[in-house]
Every structure is written in C-alpha cells, then in structure tokens.
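A short write-up of the structure that comes next.
Below, chains carry the letters A, B, ... as their sequence lines are ordered, and counting in each starts from 1. Because the structure is predicted, anything quoted here is derived from the model rather than measured.
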Amino acid sequence: MNLKQQLDQRISAALAALTGQPDALAMVAYSKSPQFGDYQANGVMALAKKLGKNPRELGQLLAQQLQLDDIVSKVEVAGPGFINLFIKPAFLSERLNQLDHARLVAAAAQPQTVVIDYSSPNLAKEMHVGHLRGTIIGDAIARTLEFLGHKLIRQNHFGDWGTQFGMLITHMQELPFYTEGKIKAELSDLEGFYRAAKERFDTDADFARLARENVVHLQAGHPGYMALWKKFIDVSIEHCQQLYQRLGITLTEQDIRPESFYNSRLPQVLELLDQQKLLTVSDGAKCVFLDEFKTKEGEPLPVIIEKTGGGFLYATTDLAAIRYRCQELHAERVLYVVDARQSLHFQQVFTVAHLAGFASASCKLEHLSYGTMMGKDGKPFKTRSGGTVKLVDLCSEGVERALALVRGKNPETNLDDADLQHIAEVVGIAAIKYADLSKNRNSDYIFDWDTMLSFEGNTAPYLLYAYARIRSIFRRAQLDASAPYIINVEAAEEQALALKLLQFTEAVETLASECLPNQLCLYLYELAGLFMKFYECCPVLKAEGLVQQSRLGLCQLTALTLQQGLGLLGITTLEQM
RNA sequence: GCCCCGGUAGCUCAGUGGAUAGAGCGGCCCCCUCCUAAGGGGCAGGUCGCAAGUUCGAUUCUUGCCCGGGGCACCA
C-alpha cells in the first residue's frame, strides 16, 4: 500500500471511530504548499457539516486521537478544518532504505487480464504522424500495466482488409514487372505505391470497376488474389516492425491480430445478434438501433452490421474483436487507444457489445481517445508541401536535429562519432516520444521541434541530462552506483526529495488507473527538479561519513527512479550525453 | 440540429471539490571553490470563455450560452 492510501485508511478509520460514521472519508491529498505539510486530510469539513458540528473542534479531537507517530512528526488543524500532516524524516529514510531497487514499485494487489489495442495502422499506406500518438501512448500504458503485474495482452489491430486492398492488388497485378523481386522493390515505397494506385482508381473508370470486382474475389478467398494480398501485407508488416524497433515500441509480430483475423467470426456476430432479436433491416442493411444515438436528421442512428447486398463493416469486426477479447482471451479490461474522432463509433459498439452479452457487465471497455497532432500554425501537421509526414522521416529529422545539438554542446569531447550518433538517436527519439507523452492525451497537441529538443522545462533532454549527471557523480568519484547506501534524511531539500522518491509508486499507480502518461511525466520532471535543488544545496562528494553515504543513497535512488520511470514510458537513458 | 473534446499568464501546457491557481518558454536580474551552466535562484505577468445553480468551500460538479476542433447510414 502506498503512503497516501496508508494515511487515508488510518485517518478514515479514526474519523469513523470518533464520529460513529462507518463510511467517514479522510480525503487525504497532497498539500500544495510546504507550510501546509506534506499531505492533508480534507474530510473533516464535510463530515462536520453533515453532523452539524464545528469543523475545527472535530479536527482538534481527531488530531488528538490520531495515532500516526510512526509516520508523522506533526499533525495540525488549520484554516476551516484542514488536517495538515508532516511526514517524519526518519520514516522517509526507513521507507527508502527498505525499497526493492529492482522494482521500486509494488506489484498490483489484484492483477487483471487487460487487453490493449493500440497503434493499429492501416497496412495499405505507410505509417505517418497520425499513427504516432496512439502508438507511443499505448505503449507506455502497456509497459506500465505489465510492470505492475497485470496479465497484459497487446493487440495490434492492423487494417489489412477492406476496399482499398482491391485497388492495391489490381495495381500490383497490372504492373508490367510483376515478378517477385520487382514487386518487393516497388513496395519499398509503400506510400508512392498507394498514391499510384489511388491515382488510377480516381481517374480510370475501368480500373476502378476492376478494383471493386477484385475486392469481391479477394474476400471470397480467390487464391491468386490472396497471394498478391499476402505479399503486400508481408512487406507492410515488415515496414511497421522496423519502425517499432526504431521507436522502441514493444509490439511484436505475435501481437498482430489484424482485421482479417476476424473474417471467419463475422457471420457468428450477425447470427447472435439476430437470435437476440437485436437486428432490424433498414434500407436493405442489417442494423442494431440504439435509442441513445441519433443521426443529424434526428432519426435513430443504426450500427450497421451487414450492408445492403452483403458485406460487413468495421463495427462488425470490432464486435467480433470484443467477443474474442472477452470470451477467448478472458479480458477483464479492454483498452482502445484510438483517436478521438472514433468516440461515437466506440460508444455504439461498446453499447451493443454489452447489450448482446459479447462483453459481460463486469468487463470494462474503455476508449482512451487522444487529440490530433497539429503543426505550429495550429492546423494538422503536414510537410511543407502539404503532404502527410512519414514516420520514418520524422524519426530521421529528430535524430539529425539531436545530433547537431549534441555536437554543439560537446565542442571538445572525448566522445567519438559512434558515441555521438548513439546519443543523438536516443535523444532524438526520446524527445519525440516524451513531447507526446507529457501532454494530456485528450487535447490536440502542437508539434514543435524546438520545444521538444530544448534542455529546459519538461522535456526528454532535461530528464536524460538529470540522469546522466547523477551517473557522472558516481563515475567521477569512482564510487559503486549499485552499492547499498543507508539513507538518513535531514536537510529540507533532502526531505523534499525523499518524499518525492517515495511517491513514485503513487505516480505509477495513477498512470495505471487513469491511463494518462502525462501524470508520470510531470512526476519525473518534478523529481528531477527537486534533485537539482538538493544537489545545489547539499554537497555530496564533499560530505563525509554517514552524511555522504546518505546523500549518495538519494542520488542512487533518484537515478534508479528516473531510469525506471522513463523505462515505463518507453524511453531509454544514457550514461553520458 | 444532436453528440464528443477543448477554452487557465504573451506562447506551450499542469492542476485530485479545498487554503494565496502552478511550471516551462519568452522578458528583466543574480549565481560555476561537489556532477556536464545542457544547471540553479529571483522579479514581472491571471476577471481560470461568460452567466446562473449545487456546496461551509467551485478552475474542478450541474445547467444554459459564446468561441475553437471533431463526429453524426452502408469507408475505417
């Protein structure tokens, strides 16, 4: 149990005993200012009101009865009835000395089976900036839940099936150089290939007709078309996996469960809905109508399961996926990291899934939506010529800019070119990822190279630098960074840092429940800031004996926490930069 | 028209029903006798979109309105 929960539980119990209200809540929160202590309990005011008592008197009574001497050095009643709690330095030291350095965070008390659907690009096109947020944010959430001990199942719901593939295989088939090697070479520029096919589809009526016919052949399982399709998909998957590797994304080929995986399960979705009398035929399409959704004309809005003339849509696939995830993978929680524009779709699909029993009432289906990536002009992020920015190019540009920066900061360095290149790769990728993770995912976010590569403020370079600096302390002094050091905090700066270190667990747990990685980013930034202040005020290498040991211990734990925290976000640290 | 998300300092963003709403950038000023100044400290900067309501207490919850973005029947 983390410190906040521990305080909350004990104060709630004391409050219940004092007032005879079994459901009394202490409402423990962080204090905003040091003068109000480290934590504060705010529950007294509400309870006093409810009981018609004077809140300050109730607060005084509670403060007298609280038995928190093992944790707290001072309890004071302040303002209208706040209970301010000052954590004992000895308690901080003791807790820090007990930490398991390999984890720093306890495993979840109740592990769940969690399915997370993220990244899920459309294989028809090359990955572009539109796929970045979901991939990065999803990966951070996945890593964190997994680390906490949940049974985490990643699902990369690739778009590998649908009308565009008719167009693509028709274009492939008609290429004069349809041979193994040449096809593969041609597909090395997936984006160009898609554009060429689209161009023909839009301008050549015969081609378009043929493409539509070929979709039907493909979906009927025609071997020749299937082979072409498979070839295309394989190249496309390889392209995605390369990007994942460069970006440090944990998705592997084993996590791929594309749309086509559900093909054989679609008819069953239709049958089950029909059996439950949920289907209505409207304009020839088989639909589920839900009272809570309306079209722009004010008519009931259907969820279309099968379109007029046959053929399934993405709602059908998503319903089949929910059945699979809940009933075969036994998920207790299913997370969808998908952009905000699809929120209506997910509301509908989740409602139908619960209604039809595809997901039990206890199975939580959550759409973790995120906003659009904007350019500095506040419009969706594009290249100078107005095209979509490829992820490959984005990574390269980030690394190039980082390299220039690292070179500039190290004019006379002992680092060779390979070292610099490595540092640039880590910093560049980290900057891109962290810029995205550190903002609340719900809002749109403005992509700006200068801000994300700055060493100031809440940025990846600042945190990586903080970590490298600490490592450098041990390296310079030739001290063992993994040796046991006994912490004994005294100075105010040490106390503030120690408390923050203890709160790492709370930050990680919050990320797991709220799925907002920016909260962990903020924690790490504040930790790094407190460390810098500590380091300014409290000499480490110049200190002696037990004081030095203790301060080294704080340095060590700060480094471990930064490394662990960045690791959960999918960012690797550097020993030197 | 309905639904979803947002509106907080000049800019980019935090903010769990609680005390005096916080960071960073940009502006002005100060600090290298432990690590890498890629750092630290200070000053200035706010009708938390507007108005009601609930509450002992609202930036936070409710409702209405204004502004911006997105979505709303066979694409995903």
Side-chain angles (χ1 to χ4, degrees), chain A residues 4 27 29-33 35-36 40 42 45-46 48-49 55 78-82 84 120 122 124 159 161-164 259 282-287 292-309 311-315 317-318 339-345 347 369-372 374 378 380 405-406 408-410 413 438-440 442-446 448 450-451 454-459 461-462 464-466 468-477 510 514 518-519 521-522 525-526 529 532-533 535-543 548 551 555 576-577:
Chain A
K4 189 174 160 191
M27 312 251 292
Y30 297 129
S31 298
K32 279 189 178 169
S33 154
Q35 59 172 309
F36 302 137
Q40 58 182 47
N42 298 328
M45 291 171 281
K49 176 67 184 175
F82 299 103
N84 293 337
S120 306
N122 190 325
W161 201 246
T163 40
Q164 327 85 313
E259 287 178 339
S282 170
D283 294 340
K286 291 179 184 161
C287 312
E292 49 268 63
F293 303 103
K294 301 267 190 287
T295 67
K296 51 189 154 187
E297 286 80 28
E299 304 294 318
L301 179 67
V303 179
I304 299 176
I305 306 299
E306 188 186 78
K307 55 185 176 181
T308 307
F312 300 115
L313 291 147
Y314 75 137
T317 311
D318 278 333
D339 84 282
R341 286 173 300 192
Q342 297 203 33
S343 78
L344 177 63
H345 166 71
Q347 278 180 50
S369 79
Y370 57 86
T372 311
M374 302 294 197
L405 202 69
V406 169
K409 299 283 187 189
N410 291 294
T413 179
S438 60
K439 270 135 202 147
N440 188 315
N442 288 307
S443 38
D444 291 344
Y445 120 84
I446 296 189
D448 179 7
D450 297 331
T451 312
S454 162
F455 283 76
E456 287 155 359
N458 191 3
T459 61
Y462 176 81
L464 291 174
Y465 173 63
R469 259 184 111 168
I470 299 173
R471 299 294 292 175
S472 156
I473 295 167
F474 287 92
R475 198 166 48 239
R476 279 302 193 85
T510 305
E514 315 281 318
N518 66 303
Q519 292 175 344
C521 293
L522 184 67
Y525 175 57
E526 287 173 352
M532 295 295 188
K533 289 188 182 88
Y535 200 80
E536 292 285 320
C537 303
C538 304
V540 175
L541 296 178
K542 284 186 171 176
Q548 185 186 53
R551 290 180 179 169
C555 292
Q576 234 182 317
M577 59 188 288

Contact check, side chains of A:Ile446 and A:Thr451, non-hydrogen atoms, under 4.5 Å: no
Donor-acceptor pair under 3.5 Å, A:Tyr314 side chain vs B:rA76 base: yes
Side chain A:Asn84 and base B:rA19 donor-acceptor under 3.5 Å: yes
Sugar-phosphate, base or nothing in reach of A:Cys538, heavy atoms under 4.0 Å: base
Where the chi angle of B:rC43 falls, syn if within 90° of 0 and anti if not: anti
Value in whole Å for how far the C1' atom of B:rC25 lies from CD1 of A:Ile446: 14 Å
Touch class at under 4.0 angstrom, heavy-atom based, for A:Cys287 against every strand present: base
Among B:rA19, B:rC13, B:rC4, the one nearest A:Gln40 by side-chain distance: B:rA19
Any A:Lys32 side-chain nitrogen or oxygen under 4.0 Å from OP1 or OP2 of B:rA19: yes
Touch class at under 4.0 angstrom, heavy-atom based, for A:Asn440 against every strand present: sugar-phosphate
Listed nucleotide nearest any side-chain atom of A:Arg475, set B:rU36, B:rG40, B:rG71: B:rU36
Given RNA chain B, 5'-ward residue of the pair A:Tyr462 and A:Ser343, judged by closest heavy atom: A:Ser343
Short side-chain N/O contact to B:rC74 OP1/OP2 from A:Lys307, under 4.0 Å: no
Geometric class of the A:Tyr525/A:Tyr462 ring pair [parallel <30°, tilted 30-60°, perpendicular >60°]: perpendicular
Nucleotide of B:rG18, B:rA76, B:rG39 approaching A:Glu536 most closely (side-chain heavy atoms): B:rG39
Sugar-phosphate only, base, or nothing, as touched by A:Asn122 at under 4.0 Å among non-hydrogen atoms: nothing
Sugar-phosphate, base or nothing in reach of A:Ala543, heavy atoms under 4.0 Å: nothing
Touch class at under 4.0 angstrom, heavy-atom based, for A:Gln576 against every strand present: base
Closest nucleotide among B:rC74, B:rG69, B:rG18 to the A:Leu313 side chain: B:rC74
Any A:Lys439 side-chain heavy atom under 4.5 Å of A:Asn518 side chain: no
Ring-base stacking, A:Phe82 with B:rA19 (5.5 Å, 30° cut-offs): yes
Sub-4.5 Å side-chain heavy-atom contact between A:Ser369 and A:Asn442: yes
Separation between the C1' atoms of B:rU60 and B:rU16, rounded to whole Å: 9 Å
Atom C1', compared across B:rG41 and B:rC61: separation rounded to whole Å: 39 Å
Distance below 4.0 Å between A:Lys533 side-chain N/O and B:rG41 OP1 or OP2: yes
Sugar-phosphate, base or nothing in reach of A:Ser282, heavy atoms under 4.0 Å: base
Closest nucleotide among B:rC74, B:rA37, B:rA76 to the A:Arg469 side chain: B:rA37
Whether A:Phe36 stacks on the six-membered ring of B:rA19 base, 5.5 Å and 30° limits: yes
Touch class at under 4.0 angstrom, heavy-atom based, for A:Ala477 against every strand present: nothing
Integer angstrom distance from the P of B:rC48 to that of B:rA9: 10 Å
Touch class at under 4.0 angstrom, heavy-atom based, for A:Ala285 against every strand present: base
Minimum side-chain heavy-atom gap A:Arg475-A:Gln576 below 4.5 Å: yes
Counter-base of B:rA51, judged by Watson-Crick or G-U geometry with both distances under 3.5 Å: B:rU63
Nucleotide paired to B:rG22 in any strand shown, Watson-Crick or G-U, under 3.5 Å: B:rC13
Rounded distance in Å between the P positions of B:rC74 and B:rA14: 35 Å
Sugar-phosphate only, base, or nothing, as touched by A:Gln35 at under 4.0 Å among non-hydrogen atoms: base
N/O (side chain, A:Arg341) to phosphate O (OP1/OP2, B:rC5) under 4.0 Å: no
Heavy-atom closest contact (A:Asn122 atom, A:Gly159 atom, distance): OD1-O, 3.2 Å
Nearest-angstrom distance from the residue atom CG of A:Leu522 to P of B:rU16: 11 Å
Sugar-phosphate only, base, or nothing, as touched by A:Lys409 at under 4.0 Å among non-hydrogen atoms: base
Nearest-nucleotide comparison on RNA chain B, the residue closer to the 5′ end among A:Leu301 and A:Met45: A:Met45
Nucleotide nearest A:Ala46 (side chain, heavy atoms from C-beta), chosen from B:rA38, B:rC74, B:rC56: B:rC56
Interatomic distance, A:Asp444 CG vs B:rG7 P [rounded to whole Å]: 11 Å
Heavy-atom pair with the smallest gap, counting every atom of A:Arg551 and A:Pro539: NH1-O, 2.8 Å
Rounded P spacing from B:rG53 to B:rG17 in Å: 23 Å
Distance, P atom - from B:rC11 to B:rG27, rounded to whole angstrom: 16 Å
Residue matched to B:rU36 through Watson-Crick or wobble contacts both under 3.5 angstrom: none
Nearest listed nucleotide, side chain of A:Lys4, among B:rG18, B:rU16, B:rC74: B:rU16
Atom C1', compared across B:rA76 and B:rU55: separation rounded to whole Å: 46 Å
G-U wobble or Watson-Crick pairing nucleotide for B:rC2 (cut-off 3.5 Å, both distances): B:rG71
Interatomic distance at C1', B:rC50 relative to B:rG68, whole Å: 15 Å
Sugar-phosphate, base or nothing in reach of A:Asp318, heavy atoms under 4.0 Å: nothing
Candidates B:rG18, B:rU36, B:rA19 - which lies nearest the side chain of A:Arg476: B:rU36
A:Lys409 to A:Tyr465, cation-pi by 6.0 Å centre distance and 45° axis angle: no
Donor/acceptor link under 3.5 angstrom from A:Thr451 side chain onto base of B:rC25: no
Gap between atoms OH and P, on A:Tyr525 and B:rU12 respectively (whole Å): 17 Å
Touch class at under 4.0 angstrom, heavy-atom based, for A:Met577 against every strand present: base
Distance in angstrom units between A:Ile473 CD1 and B:rU36 P, rounded: 9 Å
Gap separating the CG atom of A:Asp444 from the CE atom of A:Met374, nearest 0.5 angstrom: 4.0 Å
d(CG, A:Asp283; P, B:rA73) in whole Å: 12 Å
Listed nucleotide nearest any side-chain atom of A:Glu456, set B:rG18, B:rG26, B:rC74: B:rG26
Pairwise distance CZ(A:Phe474) to CZ(A:Arg469) - rounded to 0.5 angstrom: 14.0 Å
Sugar-phosphate only, base, or nothing, as touched by A:Thr163 at under 4.0 Å among non-hydrogen atoms: sugar-phosphate
